[in-house]
Each structure stands twice: as structure tokens, then as C-alpha cells.
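Notes to accompany the following structure.
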Amino acid sequence: MTQAPTKQGERRRQELDRVVIRFAGDSGDGMQLTGERFTSATAFFGNDLATLPDFPAEIRAPAGTIPGVSAFQIHFADYDILTPGDQPSVLVAMNPAALKANLEDLQHGGLLIVNSDAFEKRNLEKAGYEANPLDDGSLSVFQIVQIPMTKLTVEAVKGTGLSKKEAQRSKNMLALGVISWMYGRPLDPTIEWLEKKFAKKPGIAQANVLALRAGHAFGETAELTAYEVKPAVLAPGTYRRVNGNQAVAYGLIAASVQAKLPLFLGSYPITPASDILHELSRHKNFGVRTVQAEDEIAAIGMAIGASFAGHIGITTTSGPGLDLKSESLGLAVALELPLILVDIQRGGPSTGLPTKTEQSDLLHAMYGRHGESPVPIVAAYSASSCFWAAVEAVRLSITYMTPVILLTDGYLATGAEPWRLPTMDKLPQIPVRFATQPNVGDQFWPYLRDDVTLARPWAIPGTPGLEHRIGGLEKADGTGNISYDPENHQLMTEMRAAKVKAIEEDIEPLEWRGDEDARVLVLGWGSTYGSIGAACRRLRARDIKIAQAHLKHLNPFPKNTGQVLRRFDKVIIPEMNTGQLAKLIRAEFLIDAKSITKVKGLPFRAGELEEKIVELAS
Amino acid sequence: MTQAPTKQGERRRQELDRVVIRFAGDSGDGMQLTGERFTSATAFFGNDLATLPDFPAEIRAPAGTIPGVSAFQIHFADYDILTPGDQPSVLVAMNPAALKANLEDLQHGGLLIVNSDAFEKRNLEKAGYEANPLDDGSLSVFQIVQIPMTKLTVEAVKGTGLSKKEAQRSKNMLALGVISWMYGRPLDPTIEWLEKKFAKKPGIAQANVLALRAGHAFGETAELTAYEVKPAVLAPGTYRRVNGNQAVAYGLIAASVQAKLPLFLGSYPITPASDILHELSRHKNFGVRTVQAEDEIAAIGMAIGASFAGHIGITTTSGPGLDLKSESLGLAVALELPLILVDIQRGGPSTGLPTKTEQSDLLHAMYGRHGESPVPIVAAYSASSCFWAAVEAVRLSITYMTPVILLTDGYLATGAEPWRLPTMDKLPQIPVRFATQPNVGDQFWPYLRDDVTLARPWAIPGTPGLEHRIGGLEKADGTGNISYDPENHQLMTEMRAAKVKAIEEDIEPLEWRGDEDARVLVLGWGSTYGSIGAACRRLRARDIKIAQAHLKHLNPFPKNTGQVLRRFDKVIIPEMNTGQLAKLIRAEFLIDAKSITKVKGLPFRAGELEEKIVELAS
Amino acid sequence: MTQSNEGPSFLEGVGITEATGGVTTLTRKDFTSDQEVRWCPGCGDYAILAAVQSLMPDLGIPREKIVFVSGIGCAARFPYYLDTYGVHGIHGRAPAIATGIATARPDLHVWVVMGDGDALSIGGNHLIHALRRNVNLKLLMFNNQIYGLTKGQYSPTSEKGKITKSTPFGSLETPFNPISVALGAEATFVARTMDVERKHLPKVLRRAVAHRGSAFVEIYQNCNIFNDGAFMALSSKEGATGNRIYLEHGKPIRFGPDGARGVVMHPDGQLEIVDVASVGEDKILLHDEYRDNPSLAFALSRLADGPTQPTPMGVFRDVDRPVYGDAMEHQLHAAAERQGPGEIERLLHGSDTWTVD
Amino acid sequence: MTQSNEGPSFLEGVGITEATGGVTTLTRKDFTSDQEVRWCPGCGDYAILAAVQSLMPDLGIPREKIVFVSGIGCAARFPYYLDTYGVHGIHGRAPAIATGIATARPDLHVWVVMGDGDALSIGGNHLIHALRRNVNLKLLMFNNQIYGLTKGQYSPTSEKGKITKSTPFGSLETPFNPISVALGAEATFVARTMDVERKHLPKVLRRAVAHRGSAFVEIYQNCNIFNDGAFMALSSKEGATGNRIYLEHGKPIRFGPDGARGVVMHPDGQLEIVDVASVGEDKILLHDEYRDNPSLAFALSRLADGPTQPTPMGVFRDVDRPVYGDAMEHQLHAAAERQGPGEIERLLHGSDTWTVD
Ligand SMILES: Cc1ncc(C[n+]2csc(CCOP(=O)(O)OP(=O)(O)O)c2C)c(N)n1
Ligand SMILES: Cc1ncc(C[n+]2csc(CCOP(=O)(O)OP(=O)(O)O)c2C)c(N)n1
Ligand code: SF4
Ligand code: SF4
Ligand SMILES: [Mg+2]
Ligand SMILES: [Mg+2]
């Protein structure tokens, strides 16, 4: 493991166990990139970490304004952490708008690093400041570090021949250099990355590297306080950073390898799901076919077609796309074909808050089709768990010949965390058995079910003798021929439900953790995992007894769910919606589960949850 | 009121209080028309009645086969009845397939009238009979009346110059004539109707009338038993027959008259909803605009546009179309515009059983949109109640500036019943107040809400000074400008929910009827109303205490719902799905409601419900 | 009944490669499923079905390599009646489902059967995108100018002013000309034929099969229940000779009794129907199916406003262009060659990893 | 704030009839909303917005009679910046929503703003149906040949082989030619212009306004973030003279320095670009916007495969056809005249009633 660079003569670094830094600037200032690079170096350094990008829905909102502010938060520590942090302890503000939009969140006494060059009249006006906050004493509760970043950058890159305007663009790297010095992050990975990224524009690469170095030097010469956050003690293994969208893509590919079947993705771009399409498009050497369809309906239609033809049909989307796919998803239920629909939840209703997170598609995933049309639902709970959830979704889909919905959300999709890479032997087997022979005398019945899984056989075109036709009209049990027979419809409806229900025998039971004598269980699903975990830690630190359980399967629930829930006097369900899981739990188990809800486009803060749990628990 | 024709010399008719007749024949035999005409005459005669058409999804399935059988059942009585009857007491079978497909349902000892001409080799084979059931004694538990209908018809219409093949087509009228004689129905309304219908083809009109008369004469000369079912004692008033689709159309028009706003229907044909489009298309003199859109998405989009422009935007569909409309419905939720989405539920999932009934879209209506996207739901419970439900949907939609879903189903849509016509003063007022002036100083804020209803103002294009823009992105409270502010999103989410919830103050409370000391409540919604009512009658006849309540609003529930439910020890919910209302009730009220479910494409029979209620009640 | 899947190459679809067909010659019966045909007696769909069932054995394609895909409608029942693989999809989406099949498995022969509503109303977008992608699909549109299955509403090909259940006072829309729509959407193969064309119909289908890529075939089809006689101007005896303009590559475009009438292109860019005698045979336009530029084909599609006037039948356009599924497979192979076959460990390890011991 | 609605006629939409406008002349500022414009600096959308805001006051249409409707995308932000009525709809559905508005209220002036993805990918079907219906809409498609808002995936108008986030190895599809698509869909008005065309752009928009019915205008628009320079062959100095072919009704179709190049129609039905000198001026094709037959306009749309070659700009087609909303209103009036105005009692009583006393 690479160690923190300790320069000779460096003063002793002040030790911290954790830090939360937020980089904030104009959309054009490259804050996401700065954050990403800092994260990379931090991961490389060996801290545990979690990140939270937060950017406007516009491609580029007007420069200098509040709606144009883009921010990136990273939480890193010398122990395993669960969330990107409630309140930043350090805020880097590249302009007045960034300061104004983020100051409220900064901890009192926190460190505020500003680009003082940007605090001139026009920018202050655009941000709605009447006076310069750097001068009027209004920031006195913070430790302010003013750095003339623009000027320093222009000076640093003088030799490169770039115009002043071009030169200024590197000021984010200057900021990164400063912060890297303060927190003892290595520069090399970033330099390497810059040189690769701008290989074709060496002038730009050079300027960025110069600015980065200049920032680092500034930190040292200006004698800013230096901190140290020791590497976390992490389980041995090879690590990488991963965000949820990457992990979904990798999980799907891994499942395809396990199933020895090619992947076929039909997708239509939509924030925040598009990156799965982008990632999968790059791995054609795995035989992954990706089609950017004309719309979401075509995308799922193509995936259904591919599944019929023997591929693993996948379709990825977010809320509005999920709506559009409902009819076709119902067709997949009737056809009983494997199909994985990945929904990256975002703020709704309608176009809503497209770049913000929410967990408000659960009931839609459960019930959002006409008729009785049950579909298994799997949910990821952390960025890296998206990998496992994708593998699980494929496994269930193929084993039970059913479409499966995989839910993640905007927070998981774009937030990154270190991920200990699994070895392949940890992956489940996904045996695929295509039908190759008649199954009733010399006939092939496409709806003759497996006794255990209730799955129908998968006979793919190209298989002689198994020619058959399937469709969305009700099918006779067994033969699959069109049937309007009342009894058959009843039977088939029950069969489809039973097949989904049967999955409860084949999934992990619900685990709970916490104090043996806890009377209160906090039940979660999806991306609230980290926040709930952090909140429970805080409660336990206050000697409040508490237990925690997290659902990875939402339909069916693990078989022991009722049993676990009934063990406690009180069940509290925090959700980033208005109480959707709570509805399901109440209806299913008649338990008076209490909701903690939030729809602000942002994850729960641990502190916020802590308080609300205490309130409800008492 | 017209009296039954009593011919001189007619023998005394045997009195019955009720009869259930099923007409069954090939799809090409005109059974629906026969049933319709008999129903008309029966209504005219003054019985209470209910009907149940049941026809194949194909336009015309192969003649003579079981899948090609089309049937029409009518229940009529001298008292108020609630359902089209469990088991027919009379079966008219025009061919062997019709006999085979329906015999099972005929009451033991029931009357079986067959077209003996059709029982020849080829037809028997097509129906899968090895021997002629008319000869082999297998029908001995029934009273069989064999009539050579084809021959009689051909003879009767000899004079008209029609070919034999054409002549045979009138055999359904011959059957109708026979049955009309047996049950003392007047012929005149049918003759009048035939003459009007075939005004341009007098030969056909004449043939049909001749066949009808011949059947009547046959009944008399063959001395078939004659029955009498006295007119029912119905509330005074003017009556007509109406089916659910007509009633929806009339209700929408009536609401448009009350609101003094034009209707705009955007629709795409789909069984069993198309007839609403057909009906509304005919009433252009009411200013009703109907557009057959290119698909369901366009249909609702157009309706939204029309609502924005100040019309009452309507869209009508069935299951698959409901799926497709979800995204746009979510937009309407965000825009907070009036919009009525009428969903005629049918058997699902996917294409399912398109001509059969089901109640399986309730949870989809509740939750079938991404994000938190609440929509009020109104449900009709009988054919004529569709009128009132449509008026109510429009009233809520306009008053609360919200899309409203109106649920009916295939059974209500096509089943007919006598309807006492309302006088206009029974219709609710639907005041519309378009905004005409700025509402905040000299500005117009499109999301400034009414204190009571929480409705936003409706300012339509053409109003000077109120120019404004609305869209699907989250809107700032009040101004309606785009807002990504976290607190605002929370507020707006709560606001949209509160607005729907507020409706509970403005709707009828849930009424229950039955024994004061009943411990069991049967709770229903939608088209189960009749069956539940009939089942409860039967239970009461057996001295079993029972109470009944029926929900007309599914979202929000009437305010007193919990109170009513908690009055009873047991709540039983019969539904033509797998327990959807039960899920909502359980989640909301934590009551261990028990389900009786059925998904056979057919309504509950009273007897079947009776039994199951007894089982569960004990 | 089942056997485990022996890890086919990721690149080759699922690669069932077992050789079949070839040995025994198939007959029409082999392509007839055991399902009862459920169209109205007299429906034009019967003739099309018969033509396709008869054609199939001649093509020499093993049954198991053939997939019929459809949406919803009377026409869409088609797959049930053929003993091949088949998907009866949902309304309008057949081209999308078929695109998935054909792109995943370039080894298959995928047919799409659509009604005019299915193809041009709800499914219009999928159709035009399949055409521009040049997916290897034979797309048959049964144009009866009406919604059959839902019992008689007008369709996007119904003539303006049509009185139907949903337009009791007459429809208001200009119909689509399906050939024009297809050509405007970059279709590589566009043709028209008719249910009653016992010889022309299979000939056109054969041409469609010979075209690798999207082949769009409009088939005029009589719905004798809801739109009887819509094609009378072409199907009647006089119509057959007077109004059917048979297009043949390289041949002058002539029709009518004794080929007395013909088509010329004016220098102002307007096609006109003329008496051949009056302008001279050599002025008559030669049909050019293979021309890369679709403009002439488009102009021909505008000769008639609807099937009530002299109407071109046959292949309007037949040009080569890379096929979507083939091109994708090519990218897969190229990537595998460049990057080596996919290895999951290598993928996960990416470039930015670190190790904790 | 509100006043009760005094029962307008059912037939006349909702009939706000108060006279406005007229009195004071409006300026560009009156059409500028208070919302901050949120496109990337340098985006071609700014120029289009400026052109529209400047044009509006000249049209003499009261602000309140104008509605801008859009879908989702960068282009789709357009309505927010105009102080008229506006709906920011959902992706692809703007033509449908706008059809509802324009059909309910023929008194309004309804504009639709769409991106190329919005209009031709997800919204393709609504667009072509709005065109064939001839709904009274001005449909502007900002064609930047890319998905801007979702950060750079290829669109249905991107050139084949395009490398984007979703096609790292190059796209495989032949792009749509939007003018061809519109003409294939029976559009009555079809035109093309470009963001940097300071004079031509408003001129074309004015023509669109003058056309009652669907007016489809393709506007080439530079996305300087994800597809910079896509229209360089037309927007560069040399491109402007060398490659822009300005179509003008009744004029010979000439372009290039000194109009040295021109377009001729060959008798084999093929358009060709020639040196005017070599064929003689009188052979050059005259442009005919008003021709009922769309074939010539279609042929012109095929002169260039994309905006990298000599490309016609201006009005391809402008023909009169009954307008959907007007025709519907006509049916309403006719019905009221025939049947009398609607009376609900009469409706309910129908023909088949009976009375119980
Ligand atoms: C989503 C959806 N919308 C509507 C329908 C109802 N529907 C079934 S087929 C059809 C149209 C039939 O017309 P066409 O496609 O021309 O086929 P035809 O019956 O004439 O062969 C319609 C509207 C449906 N099944 N699904
Ligand atoms: C139903 C749905 N699918 C996908 C998206 C995501 N989305 C928003 S805009 C857009 C395409 C943008 O491209 P274009 O229409 O060309 O407009 P531009 O941004 O280039 O102006 C997409 C895919 C969405 N908002 N809704
Ligand atoms: S309705 Fe028309 S298209 Fe459908 S089966 Fe009958 S005749 Fe054929
Ligand atoms: S992404 Fe492109 S189209 Fe969108 S605003 Fe930026 S420059 Fe304009
Ligand atoms: Mg049709
Ligand atoms: Mg674009």
C-alpha cells in the first residue's frame, strides 16, 4: 500500500479520524472533476470514503449564478464510513455563488477556502450579495483561507503559451493542489491521469499539472495547517473506486459470464441512468450488444426480443422511462421470459428533479402494470452492492423465467466508494438450460413448468422441433395456446403469483444486527443503508438500544421478514419517499410500522435520522 | 306503461318472479343483437333487469366452434334485482358448440331451447360431440324444446326473394319470437327497431320481421308453456336502458353542461372502452371534440393540452392504454390541470382477456407512476352509476385542479340495466372560475393555491396579462418557476398529497347497510356491488347477520371509512383481482381484512359469494 | 427435456449451430400450425397466409430459423398459424421486439406482420426507426385501411372523410401513403402488392427475402366486414388491367390495356401519366429499383393518392446498405480482436486499483 | 383574482374574446420572460431565441394568444424564456400536447419547440401524425445532431459512424433526413434554416406563421459543447457562399459564387448539380413551393446527405390543405345546425324510454 508522502522538513500533520470536504464552484469550474480526482487520490491513499456529487439539471446554467453551482462532497476517514457525511468540515468555494449556496451546510468552526479573486462586484451581484462577505465579518465563525486562485494559476502556467482565459481554466487544479497538500494526498495519480487525458493537448495537460503543483507549493509555503487522516483498516484485498452505475454494468457483465449467455441492452438515455448504457457500450469484447433505441418502449421491446432469442435482455432507465415501459413489462410477465429492468430512481413526479435522488418508484415497480402482473424486485443499498444486486437480478430472472426489476437511485448511481474486488469464485452459478427436446411426447409445450421453480422452459429459435408461438393473450396452462377459459385464467394468474412467491425460498433471509435486547428495529431498503447505519452507530454511542435490518429483496420479501419484524415492539422505516415500503409492510404484516420520510432530493443525514428515530422510538 | 299483450284465448300464463335466460350461438348468429332486443322489450315491459354479454375476442372466430360461441344473459324480475343472475334457467342454444359451452351453467331442470337443424354431423364434430346430445339422453335432466329454427325461418321468409343463405340469417329473430311469446314480451318495439335499422334494406327488414312473427306464432301453435313475470314495482319516473359506456359518455356531457365548458376527448380505440369514444363522437352538437389519436400517449397528451387551453380534457382507455398513459398522467399531476382518465378494466396481465371483466387495475391507478404522484380515484359500481361517477370525476377534477381516474370494468361497460333518468336539478353544480387577473400585485402566480381546496388557479391562454409557463420540472411554491430547492420539493410533494387528501371533506361518507347487530361487513368497490348485494340478501334470507358497504371513492377513502370498518369484527372484501383493495385497507387501517377473490373474467355469482362469505365469517 | 448450455461464444448470439433442414424437403403443411385460423370468412388475410405458407418451403430456410413477430390486430394473429417460432407482441411494438431478435441473432430470419393501425398509428415510430437502421426484417403491413380487431374505426391509411364508428361525421385527416412514409424514413427495400395477387404477392415476398436488411411490403388487404371493397379499383376485373401499374426494374413504366399508358418525368420535376402513343415509347420513364437516391421511387409513390387510381405495384426500391445486426456483430468482433476477449477480472480491475494486505 | 365563468358557447372553445394587443405596440422586451436563460455560453439556441423574441412583436399577435409548447431537452427550455403562455411538457410529446391546444382553440397561435431527439427519436410518431393532420402548429426542430441535455449521445440525425458516449465505436444507423421525413408524412409546410442565419431565420419563421396549418421548420443549431462545428460546412465563410442553396419560389435553383452552380432534373427522374454555364440558364430547375405534389420538394431534400454538402435552405413546400382544428370546428357547427344545440335531457331520453308512474 502506498503511504502518504511525507516530505522531509514537513511539520507534524494534525491527526484527524475523518474529514468531509465539499468542493463548490460554477458548473464551468470543473468541480466534479476536481472531486473525482481528489477521491481517486484518497482511495489510492487508503482511506475509506463516500462521495456525493450534486450538480444542476442544466448542462451549464448561467455562469456565476446560484442555479449554476456545482458541488462535490467527499467524506473520508481512517475507519469504515457509511455516508458522504452530513455537514462538510471543509468548504472550497470557487466563487460567491458557490459560497452562498453551500455556506449554510458548513460546520461552525469549519474551514472555508475561497478563491478571493472571484469575489468581485459582478460575481457578488450575480450571487445576490450586497456586500463582500469576505470583508463584512459575516464569516467570522469559520476559519477562512483566502487564496487568489485565479492570479496564482495564471502566473503558474505562464510558460505554456496559453491565453489568460485558457490559463484560468486550470484554477480547479490549483485548488486541488492546495487541498492535496493540506490532507497529504499524493499528486502523482492525478498528474498521470491529466497526462493521459490530455495526451492530445499537451499544452492543456502541462497547464493543469503546473497549476496542481503550484497549489501544492502554495499550501506548503503559505504554511497552511496540514492534516493527516490515516489509512483505514480495511479488509485485505484489491480495491477500486466504483459508483453504482459502473457497478450495475459490471454486475450485468459478470452475470453474463456466469450464465455463459451474451448480454443485450436496449436503452434510451436518461439521467441518471445513461452511464450504464455508456459503460456497457464500451465492452463489446464481452459480446455485449447495446442499442440506443428510439424510446424507452422500443428499448424494452428490443430487450424482450433478445431474450426470446436467447440473450439476457436488459433495459435501463429512470422514472419517466419506467412509466413508459410498463406495458411491455406486462408483456414480459405474460411471456415469462428473463428480462432485467434497471430503474435508477430520481426525484419525481414527472420530470421532477432529474439529477436528484429519491426512492419513490417502489410502489410503481410493485404495481405499475394493469392486471395482476407480479414482478420480483431487487434493490441495491450501496454503490458496490449494485454489482451484487445486478448479478442477483440476472440469476432470479433466468432461474425463474421472469422479468426482474432492479432498483437503485441517483445517489447510488453517481456516488462512489472503495470496493474490494470480488474473486470470481464468489459469484453464484447461473446455470442456463435451454430446452432442446420435446417435453410432452413429440410435442413441445412452452408453458410446462418446472416443479420447483415453476419456470417454463426456454426454447430459443434455432432449436429444431421446438417451434412455438407465445404472446400476451392469456395462455392455456402447459400448451401456451390462447385460452379464454375462465378456470385457466384463474390458474395462470395464481401460477404467475406463485412463481414469484417461490423465490422467497431461494434468497437470503432478512438479517438484523444490533443490540440483542433492542425493542426498536430500523428497517430500510436501498440507498438509505449508509445513513441508517451511521444513525444507529450514533444511537449506540448514546447507549440507546437499537437494531437494524435492510431489505435487498422487495418482492417477494425474505421468508423470515414477518418473524424478524415481530421480534420488535416498534418498526421504524426511513425512506426517501412518503412511506412506500411502510405501506407494503403494513399491508403484508399488519404491523404499525412508522415512517421517517424525506423528499428533498438528498440522502438522509445521519444526524437527522438519529433525531427522528429517537423521537419515534420513545 | 305498456302492458303485456294478452291475446284473447291465450291460456293462463304461469307466474314467475324472475327468469334468467341465456342466448348462445355462433359469433355470426347475432346473439348479442338478439339479447339486446329482448332486453329492450323487457325494459319496455317494465321488469327490472340486468344483462351480461360474453363474446370472444376475435371478430369472428371459426363458425361452429367453441371459441366462436357468443352469449348474452339477461336476468329479469318483478322486483329489483342486482345481478345478471348466477345460473340461467333458460338456455337458447343455436348450435352444438353453444350448447356445449354453456350447458354446464344451466340449472338442473332448466329449460333448454335448441335449434335442432344445427345439430348435424359437421357442427357436432366442430363442437367435439361424438354423438348427438339431443338423441343420446344426456340432456334428460333438462326440459328440452327442439325447434327446427333454420327450416322455419327459411319458410317464413320465402316471399322476400332472399337467397336461402340470406334467409337463414334471420333465425335469431325466430328464436327471439319464440322466447318473446313464452315470456309475454311485446314484439312492436323490436319490429319498429328492425324497420329503422334496415330502412335502406327493406328486404332484410321484412325477413327479420317475418321470422320474428313466425317464432311468436310457433310458440303459440306449438303450445309451449307461457310464463309471466309481472312488471317490477319501480320508483316512478322515466326509464331507459343504459350500459356503462353510454352512461360514462352521458355523464361527461352532463358535467360539461354543468361546468359550462366544452369537452375534449383524446382517445385511442381499445376494447372494451372504444364505445365511449364512439358515443362521444356522435354528440358534436354539444361542442364535444373527439380525436382518435395515434396512440394512447398522444391521446392523453392532447387531453392535457386541451385542459391547459380551458376545455375539460378527457381520455378513455383500458389496461394496456393505462400503462402507456402513466408518464403523461404524472405530467398532469405536476401541471395540476383538470383531466379525467377513464379506465375500463379488463382481464390482464398484458393483452390478457380483452373482452372479459376484471378489477385488477386499482393498485396501478393508485401507484402506477414514478415519483410521489397522487391521483384521486372514483369507481362506478353499476351501469347507471357510471353516469354519476363521471360527473363526480369531472367535479373533483375541476374543483381541485387535478387529474382524476375513473374506474369501471368490462362488465359494467357492456352490461345494461334500466335507469331512471335524473332530472337536471339533481346534478351537482360545477362552478368554473378561470383566473382573469393578477393575483400577487401585478403578477400572476400560477401556483398560488386556494386556501380550502389547495387548487391552483386556472388561467387559460387568451387571458391578457396572465401569460405563464408550467412544466414537469419541480416548481417553486407559488410562482411555479423551476425550482431545485430541497425544501421546496418537500413542500410541493406534501402539497400535492394534501390536495388529494382534502377531497375527503368533499365527498359522501361511506354508508353501510344491513343488520344493526351484524359483526361482519362485506366491503366492496366497483362492479361487485350487485353480486355482493344479492349475496347479502341471500344471507339475510338465511338469517345470517351481515352488513354491506361499497366504496365509490378509492382515493382518498371517505373520511369515515376507518370508523365504519372498526365497527365490525370482520371485514370481508370480495374483488375480481387477487386482493387489491384489501391491500390498501390493510395498509391504511391495519385491519385484518379478508379477501374473496376471483379472476375468471366473469363477475361473482351471488351463490358463490354467499358461500365464501359464510366460510370466512365463521 | 433440457440440456445444460455449453457456453457458446459470446459473440455469436447463442449459436445453436446444429445443421437441420436441408435433408428433407418441407411442404406447406410443415409450416401450418395446429391452431385454428380465426379470421372472418372472406377476409383477405387468408390469401396472404396461404401465400406465405406456400412460399416458405421454397425458401429452403429451416423452420427453426424463422421467427414471425406481430403486434395486436386481426393481421397480428398471423404468427399463430405458422409452425415456426413466433411472438404475438403488443400493439405497435412488433418492429421493436423484432429488432431485438434480429440484432441479437443475425442467423435468424425474422418476419414482422402488422396491420395498418399497428404499423402506422401506434407503431409508426418503431417502424420508421427499424427502416432507417436497416434491421434485417421482412416487414409486412396488411393494409385494410381500417381497424379490424377493434371493430371498425378509421386508420391512418383510411381515406379522408371516412365514416366509421369513431368518425360518424367523416374523418378529417389526410392519410399516410405508406410507401412515401417508408421512403422518407430511409427504407432500403419498399414494395407493394395485394391479397388477391396470387402470383405477384409471392414474387414480391421472394424479393423481400432476397434483400438482406429491412424490407417493407405494403399488402392491400380486404376487410370484408368493416371496409369491404376498399381496393375495388384495383381488384375488380377492369381495375386489374386499368389501374395496376406493375413496376419492373429497367422496364418502361407502362400500364393499362395493351400498355397504352405510361409515366414520364417532366423537366420541371413532375411525373405524369400519358398516352404512350402521344409521347413516343422512348420518352417513357424506365423503372430503376436500385437507384441509391430514393427520389424517383418517392415520385412513383405519389402517382396515386390512394388505391382508387392507377397505382404502382411491385418493388419501388431495393438498395444495399450495411445491415444493423451485421454491423453490430462486426463491432463485437473488432473489439474482441483489439482488446482480446472479455475477461471479467481484467474488467473489474480497470486501471485505478490499490491493494490492502 | 378569479371570476365566475359566464357560460361561453360550447362550440367556440372557451371563448375569451376581450380585445387586446392592437392598442400599444409590443417590443422584444414584452416577449422576454423574467427567467434566466440557462444554455451554455455559445450555444446556438441563444440566436434562435433572440430571433424569435425579435420577430414576435412584428407579428401583431397579442401575447396572450400565443402558446409555446415543448418536450424535454436543451431546446425544450425555450418556452420559459418567452413571456407568452407556455407548456414545458415531457420528452417527445410536445406535438401531442400542442395538438390538444390547437384543436381545442383554433384562435390560438401554437408553437412547438423540439430538439432533434425530442422530435425524431421518442417523438417521431407524434410529429408525423401532427403533420398529416395539418394541425395549426409551428413546429420548430432545433437540429444539433446530438442529445444535448443528456450530455452527448448521438441522435437520429447524427451522421453514421458518430462516436459518442453511447457509441464509443461509432454509430451504425443511417440518419433521418428531417425534411424527407416531413414530406413523407404529408406535411403542408416544410422549411430549413440555421441558427446563424440572422436574416433568413426570421424570414422563414414569418413564412411559417403565414401558413395556416402545420409548419415544420428544421433549424440547424450548433451545440458547442457536445457537437461543435457540425454545420461548419454551411456556417463557415466559404460554406455560406459555396454550400447554402437558397430556395426561392419561381426562381431557378442556383448557388455558389455568382450562382455558378445550379440544379437540373434529368428525364430519368434524377436531380443533379451542374455548372450553370455548361447546361445553360434555361435548363436550371425553377423552384415551386406551391406544387401540390411533394415529389420535387422531396428530391431537393435528397440533394445533400447531410449538412456537409451543398444544402438547400428555405421553404421546400407550402401548400394549402384544410386545417385539423378548423375542420373539427366546422363539424361542430354543422352538427349544431343539423341537430340543434345539445340539450342534455333530450340526449338522455334518447329514443327508447318508458315511464313508471
Ligand atoms: C396499447 C393498445 N392499444 C389499443 C389496443 C386495441 N387494438 C387492438 S388491435 C387495434 C388496431 C387494429 O387495427 P390494425 O392494426 O389495422 O389491424 P387489423 O385488425 O385491421 O388487422 C387496436 C386499436 C391494444 N390492444 N393495445
Ligand atoms: C421519457 C424520457 N426519456 C428520456 C429522457 C431524457 N432526455 C431528456 S432530453 C433528451 C434528449 C435531448 O436531445 P434533443 O431532443 O436533441 O435536445 P437537445 O438537448 O439536443 O436540445 C433525453 C434523452 C426524458 N427526460 N424523458
Ligand atoms: S374484421 Fe376484417 S380484417 Fe379482421 S378478420 Fe374480419 S374481415 Fe379480416
Ligand atoms: S449542451 Fe449543447 S445544446 Fe445544450 S445548452 Fe449546451 S451548447 Fe446548447
Ligand atoms: Mg387494419
Ligand atoms: Mg439535439
Side-chain angles (χ1 to χ4, degrees), chain A residues 56-57 67 297 318-320 322-324 326-327 330-331 333-335 343 345 347-356 358 360-361 363-364 366-373 471-474 484 486-487 489-490 493-494 496-497 577-578 583-584 586-588 590-592 598-602, chain B residues 56-57 67 297 318-320 322-324 326-327 330-331 333-335 343 345 347-356 358 360-361 363-364 366-373 471-474 484 486-487 489-490 493 496-497 577-578 582-584 586-588 590-592 598-602:
Chain A
I297 301 177
S318 185
L322 181 61
D323 296 356
L324 289 170
S326 354
E327 191 202 6
L331 175 65
V333 168
L335 298 184
D343 174 38
Q345 300 166 94
S350 197
T351 313
L353 297 176
T355 59
K356 311 280 169 178
E358 207 159 280
S360 49
D361 297 352
L363 289 171
H364 185 19
M366 272 302 276
Y367 300 123
R369 293 158 298 282
H370 74 278
E372 293 289 346
S373 184
L473 284 163
E474 185 59 285
Y484 301 127
E487 301 300 329
H489 181 50
Q490 179 84 44
T493 303
E494 285 164 9
R496 286 183 287 262
N577 57 39
T578 66
K583 283 228 169 68
L584 295 176
R586 290 168 62 93
E588 180 91 12
L590 289 180
I591 279 176
D592 191 10
K598 173 177 185 175
V599 279
K600 298 190 181 178
L602 293 164
Chain B
I297 303 178
S318 185
L322 181 62
D323 296 356
L324 289 170
S326 352
E327 190 202 7
L331 175 65
V333 169
L335 297 183
D343 174 37
Q345 299 166 95
S350 195
T351 313
L353 296 177
T355 58
K356 311 280 169 178
E358 207 159 281
S360 50
D361 298 352
L363 289 171
H364 185 20
M366 269 305 274
Y367 299 123
R369 294 157 297 282
H370 74 278
E372 293 288 346
S373 185
L473 284 163
E474 185 60 286
Y484 301 128
E487 300 301 328
H489 181 50
Q490 179 85 44
T493 304
R496 286 183 286 261
N577 57 40
T578 67
K583 284 229 169 67
L584 295 176
R586 290 169 63 93
E588 180 93 11
L590 288 180
I591 279 175
D592 191 9
K598 172 176 184 174
V599 279
K600 299 192 181 176
L602 293 165

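Proteins get letters first, then strands, A, B, ... in listed order; numbering begins at 1 in each. Quick caveat: nothing in here was measured; it's all calculated off a predicted structure.
- Both the backbone and the side chain of B:Glu372 come within contact range of chain A, with heavy atoms under 4.5 Å apart.
- Looking at A:Leu602, the atoms closer than 4.5 Å to chain B (heavy atoms on both sides) all sit in the side chain, from C-beta outward.
- Contact count versus chain B (heavy atoms, under 4.5 Å) is highest, among A:Gly348, A:Pro486, A:Gly368, for A:Pro486.
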>> Quick one, B:Arg369 with A:His364, criterion side-chain contact (heavy atoms from CB on, under 4.5 Å). Give me CA distance, side-chain angles, the key distance, then yes/no.
In response: CA-CA 6 Å; B:Arg369 294 157 297 282; A:His364 185 19; 5.5 Å; no

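- By number of non-hydrogen pairs under 4.5 angstrom with chain A, the leading residue of B:Pro320, B:Ala334, B:Ser318, B:Ala497 is B:Pro320.
- Heavy atoms of B:Ile297 lying under 4.5 Å from chain A belong exclusively to its side chain.
- Residue with the most contacts toward chain B among A:Met366, A:Lys356, A:Glu487: A:Glu487 (heavy-atom pairs, distance under 4.5 Å).
- Chosen from A:Glu588, A:Lys598, A:Glu327, A:Lys583, the residue pairing most often with chain B at heavy-atom distances under 4.5 Å is A:Glu327.
- Looking at B:Gln490, its side chain does come within 3.5 Å of a backbone N or O of A:Val599 through a donor-acceptor pair.
- Taking 4.5 Å as the limit, every side-chain heavy atom of A:Arg586 sits out of range of all side-chain heavy atoms of B:Arg586.
- Side-chain N/O atoms of B:His370 and A:Asp323 include a donor and acceptor closer than 3.5 Å.
- Distance OG/A:Ser373 to CG/B:Asp361: 10.0 Å, rounded to 0.5 Å.
- Among A:Gly601, A:Gly471, A:Gly352, the residue making the largest number of heavy-atom pairs under 4.5 Å with chain B is A:Gly352.
- In this structure, A:Leu322 CG and B:Ser326 OG are separated by 8.5 Å, a value rounded to the nearest 0.5 Å.
- Nearest approach of B:Pro349 to A:Gly330, heavy atoms of both residues: CB-O, 4.5 Å.
- No other option in B:Asn577, B:Val333, B:Leu335, B:Thr578 has as many heavy-atom pairs under 4.5 Å with chain A as B:Thr578.
- Closest of all the heavy-atom pairs between A:His489 and B:Glu358 is NE2-OE1, 2.6 Å.
- Interface residue B:Thr493: only side-chain heavy atoms are found under 4.5 Å from chain A.
- Taking chain A as the reference chain and counting heavy-atom pairs below 4.5 Å, the highest number among B:Asp592, B:Leu584, B:Leu331, B:Leu353 is found for B:Leu353.
- Comparing B:Gly371, B:Ala582, B:Gly347 by how many heavy-atom pairs each has under 4.5 Å with chain A, the most go to B:Gly371.
- The minimum heavy-atom distance between A:Pro354 and B:Leu473, with the atom names listed, is CD-CD2, 3.6 Å.
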